[in-house]
Every structure is written in structure tokens, then in C-alpha cells.
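Below: the structure, in C-alpha cells.
Below, chains carry the letters A, B, ... as their sequence lines are ordered, and counting in each starts from 1.
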Amino acid sequence: MTSPAAAVITRFAPSPTGHLHIGGGRTALFSWAYARRHGGTFLLRVEDTDQKRSSEAASRGILEDLAWLGIDWDEGPAFNRENPDGSTTTLGGDPRTVGPFYQSDRREVYDPFVYWLLERDLAYPAFDTPESLTAMRQQAEKEKRTFAYRRASGYDRDAALARMKAGEPCPIRFKMPAEPVRFRDEVLGEITVSSDELDDFVIRKADGYPTYHFAVVIDDELMGTTHIMRGQEHLNNTPRHVALMRVLKHANGTPFRIPKFAHLTVIANQDNSKMSKRDRDKAARAKCRELGIKTAPDVHAKAAGHTLAAFDAVAPADFEKWLGDKTRQLETHALEDLASVIGIDLPEIAVDDFRRSGYLPESVLNYVSLLGWNPGEKDAEGKDLERFDTAYLIEKFDFDRVGKSASKFDRAKLVAFNQDAIARLTDDEFLTRWAAWARRDDRETLDRIGIERVKLIVGAIKGRCKTLKDVRAVVSFAMVDDDGYEFNPKDVEKHLKADGGSGLATLAALATKLEALPAFDVQSIDALLDGHAAESGLGMGKIAQPLRVATTGGSVSPPLGATLAILGRPSTLARIRRCVGHAAG
RNA sequence: GGCCCCGUCGUCUAGCCUGGUCCAGGACACCACCCUUUCACGGUGGACACGCGGGUUCGAAUCCCGCCGGGGUCACCA
């Protein structure tokens, strides 16, 4: 038995300002895996102390993102996750009564610690104006040294306390001890920061809310966190937190513990810029500029065949503002509408972006866990082991194999992982997964093709899909009306009219046979085609390509059995008839 | 700019701690060929890296120093 003191408690503490970023997803994954590996507890805490930027919707979105990934939290906000079998599992809860888990609901938790510090002059109210703060910063910059706010030498503590007690709003700052801070990071090693670099940072804002620095320290202590994993952008904050932990005590005199830290590297774009939600808007904006799009009507002018429902919900004036303002973001679906019109793939940044693009959670998890970590094991062929599931991750994950250098996100490799994961799915699994995905993210294909028709040809199309979204492209020829597509002139020439119209003759013969075929399914159609090839002495190419041109307009489509089966007999025959007429006329 | 962190193929990385088995291994991407009714899939093969300069050593991707390069951070945001 492990003693309670040895139990591992990890947490993920997002701030709800939008969907979960892929980097946050990796942090959550590692924290979760570490807790699972040690039979510990993984908890979720929502850091919503910034009233202006936090939202209820974003919190819910992050919970959903985590649940979709399959990362379940033992403690934290309650969430009902729907399982594939239709049942639901409730995530979260508060068995140790360490909640609530929204920091905005914990305000009264922080104040006693603030007062405790205040009484001992380890913290103090500050009354600087924003102007004087800016002036100090500029002065420091001019002198080429780090700006670190320190309490002025003439500070009148009694007067300041009196002003605070009189109700004057003011931030409260922590009085940073003068000694350097040294701590050990599980991945980076020993880190030392001179006290010159540390400031008397704010622990409680004038609005009464604790700052992030204060709330994390208090909450991690109260919730018993033993291991803190977070992005490397927090590395510079850690000395502040450690300094606080060293002086803070509970009411009964017990000092705070110092948990173990592990700072994970940043995930960057290929050009080394930080992956940011704005990258999606940036990509779309650049393409609009390239195409000369300046107004909403310009978008409509190019919209042939594309739905613009979400885009049209955006006021034209707002769209124009968006075009000229790098800091603006378009609503998710509006942006996707726009992207399909201008013909670009938006870079996925948030977990939800990957979900909507049709990636499987297991491949996202697998790929992302390899960014900055690797198991260091070989597979049966002696190659580095790269493809694994979360059970394996849980079994192997530890800090000693976490990398120190930043990594770039390579979408192509993710795609390869996803393609592989899809290929390993059984036909039934694929169908179930696709249907569940399409219900949320591709209603159009689901409605127009329908699960039953996809089922007919699932075996033939599964291997052609790199993502679930690709089903749409693979069956797109079946989504148009029988007279709703063009015949590619070059293909008509090459496969139908050449050789004195032999392709057309084949088409006519095939139409008759197809009409008489007892069962119009993939196998029967393939058998019929094989039979015709043997009988006529023609190569398969001479048979298949004319049919493809006739039924899809071009020379590229899934294997013919599948192509014709999903169209169904009436459409197939109607399309052949139309084509013959077209080529003859 | 100050401080902190990092530096192996285009990208993710193994190897580095405990120097020789590394004229550096794997994966993705790329190129070629094969398979094939198209497009894909698949198969086989190929090209591709130790940032630079010193030092230590019989021997350095591995240890030390310097330089250069990249990233992070400098809020009453988290």
C-alpha cells in the first residue's frame, strides 16, 4: 500500500477564454497520464479570475474538448460524457471536498491568506497610479535593466493600511524576499533566479479577485497538488510562486509544500511562430487579399455551390473591419464558410478544430504525445516505437524522457497517423465514427448521402480517407443531381470519342447489362464488369474509364463497383444516358 | 534590451548523463520504381542532419569554454 502522502495528485488548470489549445491538450494529457500511471488523482480547475476574458461557454467548451479526447478527470466540474454505447459517464465531482473548482467561486478562500500576509508585512497595499508604473518601467528600460517593482523606501505602511481599511480600492503586492530563488524542474533541471529579477508582484487585484500567481499557489496547496505540469511560458513565473510557497502557512502553522514542477516546451508553427487561434483568421485574411476580396458581396460572387449561412450571420461591415484588422477574429463557422469559398484549409489550432476537421481523438493524442516526449522503445522490427494508445502512454510516461527543446507542429505527420488509425478501424467502427462526427460537423453529407448509402461502399472508401471529413470529397460526385455535373472535355475525348467512339459503344452495352443486373451492389457490379471484360476482350481500362466519365464527369473516382453502387441503378442509368447524348451531340 | 530556457536530416526524434559498437538509427514529408480499371492504398529503393570555432582525449554528436542562432518572459492576463 502506498501511504496517502505519497499519492500523486496532478491537475490541469485552463483559463476559459476559448476552446482548448492543442498545446493545452498535451499538458492535460501528460498530467492525466502521470496521475493514472501512479494510481493518483487528476483534477480539473477552471482559472477564471479574469472577469473580462472568461466565459461560461468557453469553460463548457474546454470540458467537452477534454472529454472528446478521452481525458477524464476525477475531481472538478461535473460533466456528463456520452459514451459510444449510448450510456453516459459523469466526470468530475468532489470526493475530498477540496472544491469548488471555479476560482471565481473561491474568492473567500484566498482572502484569509492575503490578510495573514498583510499582518506580517509580507504583503502590502500599493497605491501607484498606472502612469507612475509606466514611468518606472520606461526608466528601467532606458537603463537597460529588468524592471522589477519594489516597495518604495519611503513607504508609509500605517497610512497605506488605513487607506485600504477606509475602502479605497487598491492592489495588494507580495513583498518579495531578497534572496535568490532556486528550484528544481523535473525536465529542465536546476533553475536559479536572482532576486534582482523578482518583483513585488500583485497577489490581489483592486477588484478583489486574486491574481493568477496567488490563486494557483493557494489552490494547488489546498487541493494537494503534488506535480505541476504546464507550458514553458510559465517558467518565469515559477520563482514567484516558489517564493510565496516558502513564506505561506496554514492557520494551524503548517507550511505550504513545494510541489514538483515540469515545464513543457512550446509547440510552434512551421515558421517558428507560436500557434495561435488568430492564425486561422490570418490565413483566411491573406487569401482574401490575394483574391482581391474587399467586401461581403465579393465573397458571394465566388460562392458558387457553397453554403454561407454562418458567414451571412456576420454583418458585412464587421467583415470589412475584420479584413483590415489583424486583431479581429471571425466566428468559427463563418470563418469556415469563408475558407471553403476561397479554397483554403484553415490551420487547426484548438482541439476542437482537429475534431471538426475529422481527426480521431486517438491519433491526435498519439501524435501530440510525441511532441516533446517519446517512449524510447523499439517495435518488433527494431524501429522506434511511435504508434501507441493511451494505455501504453500511461504505462510509460515519465519526466525523464520529456524533451527540452521546442517542437514544431507537423500537420502532415498527424494526417499520416490519422490515416493509419482510420485504416485500422473495422468497417462498422468507421461507419459509427463517421456518423457520430457527421451529425455534429457535416450535416450536409449526412443528409444528402445518408448513412445507409455510405454503408454500401464503406469498404471501398475507408482506405481513401485521411480524415472523416474526406468522406465528403470521396462521395462528392454522388451529392450532385444526375444532370448537375459537367463532363470533362479532355476525358470525354480520350475515353469516349477516341478510337471511333469505342468507349460510347462500350457504354451502351454496359447500360443494357446494368439494367438487367439482379442485385445492384458492389460485388455484383464488379462481377459484371469482369465478365464484360473477358467476353469483349477489352482491357479493364477500356471499360472502367468510360463508365467513370459518364457517371462522375471525370476520370477519377473510387473503384467502379462502389461508384455505381452508391449512385444506385436509376442514377447510374440516367447518367450514362445523359452522357451518351452529350458525347453524340 | 534584461533575465530564463534551448540547439542532431525539411519536420518530430533515437543516441548525449555512463566518450569508441554512429562514415549517426527510426518516423513523417520528398524523389524513383513496382503493383493497379482512374485516384488513392500498399510494396521496394533513394536522397537528407550532429549550428560555428576552440579545447580536453589515442578517440567527441557525446565532456569544457566561447560565439552564433532560436524560443520564452518582462501586466491590477492567465
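- Backbone-only contact: A/G541 has heavy atoms under 4.0 Å from sugar-phosphate atoms and none from a base.
- Residue contacts shown for A/G554 are absent, as no nucleic acid heavy atom lies under 4.0 Å away.
- Listed by first then second residue, pairs satisfying salt bridge (charged side-chain N to carboxylate O under 4.0 Å, His left out) with a partner in residues 233-242 of chain A read A/D199-A/R240, not counting sequence neighbours.
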Please list, for nucleotides 30-34 of chain B, all pairs of protein and nucleotide N/O atoms separated by less than 3.5 Å.
none

Distances for protein N or O near nucleotides 45-51 of chain B N or O, under 3.5 Å:
none

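- Nucleotide B/rC67 is shown with an anti base, its glycosidic torsion being more than 90° from 0.
- Phosphate proximity of B/rU13 to A/S407: present, with a side-chain N or O under 4.0 Å from OP1 or OP2.
- Taking A/F487 as the reference, A/Y485, A/H582 meet the ring-ring contact (aromatic ring centres under 6.0 Å, His included) condition, with sequence neighbours excluded.
- In this structure, A/E141 places its CD atom where only 12 or fewer heavy-atom neighbours from other residues, nucleotides or ligands lie under 6.0 Å away.
- Pair assignment for B/rG69 gives B/rC6, based on Watson-Crick or G-U wobble hydrogen-bonding distances that are each under 3.5 Å.
- Nucleic acid contact for A/Q419: sugar-phosphate only, since backbone atoms but no base atoms lie under 4.0 Å from a heavy atom of the residue.
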Exercise. Apply the test salt bridge (Lys or Arg N to Asp or Glu O under 4.0 Å) to residues A/R184 and A/E186: give CA-CA distance (whole Å), side-chain angles for both, the deciding distance (0.1 Å), then the verdict.
Key: CA-CA 6 Å; A/R184 206 185 110 74; A/E186 297 301 306; 3.6 Å; yes

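- Legend: residues meeting side chain to side chain contact (heavy atoms under 4.5 Å, CB included) with A/V402, ordered by chain and number and at least two apart, are A/V187, A/L264, A/W373, A/F397.
- Every residue two or more places apart in sequence or in another chain that forms a side-chain hydrogen bond (donor to acceptor under 3.5 Å, both in side chains) with A/S357 is listed here: A/E348.
- Sorted by first then second residue, the ring pair (Phe, Tyr, Trp, His ring centres under 6.0 Å) pairs that include residues 126-150 of chain A, not counting sequence neighbours, number zero.
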Practice problem: I would like to know whether A/R424 and A/D420 meet salt bridge (Lys or Arg N to Asp or Glu O under 4.0 Å); could you show each step before the answer? | Solution: CA-CA 6 Å; A/R424 280 197 304 267; A/D420 221 56; 2.9 Å; yes

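- Residue A/S405 is in sugar-phosphate contact alone, with no base atom involved, counting any heavy-atom pair closer than 4.0 Å across all strands shown.
- The side chain of A/P559 has B/rU38 as its nearest neighbour among B/rG10, B/rU38, B/rA27.
- Atom CD of A/E486 sits in a sparse spot, with 12 or fewer heavy atoms from other residues, nucleotides or ligands closer than 6.0 Å.
- Distances from the side chain of A/K144 to the nucleotides B/rC28, B/rU37, B/rG1 place B/rG1 closest.
- With no hydrogens or angles considered, a side-chain donor-acceptor pair links A/Y110 and A/D219 at under 3.5 Å.
- A/D427 meets the side chain to side chain contact (heavy atoms under 4.5 Å, CB included) test with A/V458, A/K462; sequence neighbours excluded.
- Within 4.0 Å (heavy atoms only), A/I191 reaches sugar-phosphate atoms of the nucleic acid but no base atom.
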Quiz item: Along nucleotides 67-78 of chain B, 5' to 3', which nucleotides get a B, which get an S, and which get a -, given that the test is a protein heavy-atom distance under 4.0 Å?
Solution: ---SSBSSSBBB

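- Pairs engaging residues 177-205 of chain A under the ring pair (Phe, Tyr, Trp, His ring centres under 6.0 Å) rule: A/F174-A/F201, A/F183-A/F261, A/F201-A/H213 [sequence neighbours left out].
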Would you tabulate the pairs of protein nitrogen or oxygen atoms and nucleotide nitrogen or oxygen atoms of nucleotides 21-26 of chain B closer than 3.5 angstrom?
residue	atom	partner	partner atom	Å
B/rG25	N2	A/D384	OD2	2.3
B/rG26	O2'	A/D384	N	3.3
B/rG26	N2	A/E386	OE2	3.1

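- Contacts of A/T146 classified as side chain to side chain contact (heavy atoms under 4.5 Å, CB included), with partners at least two apart in sequence or in another chain: A/E197.
- A/D200 pairs in a salt bridge (Lys or Arg N to Asp or Glu O under 4.0 Å) with only one of the listed residues (A/R151, A/R150, A/R173, A/K175), which is A/R150.
- Across all strands shown, A/R401 has heavy atoms under 4.0 Å from sugar-phosphate atoms exclusively, and none from any base.
- Considering only the side chain of A/K404, B/rC6 comes nearest among B/rC28, B/rU38, B/rC6.
- As judged by a 4.0 angstrom heavy-atom cut-off over every strand, A/P239 is placed among residues making no nucleic acid contact.
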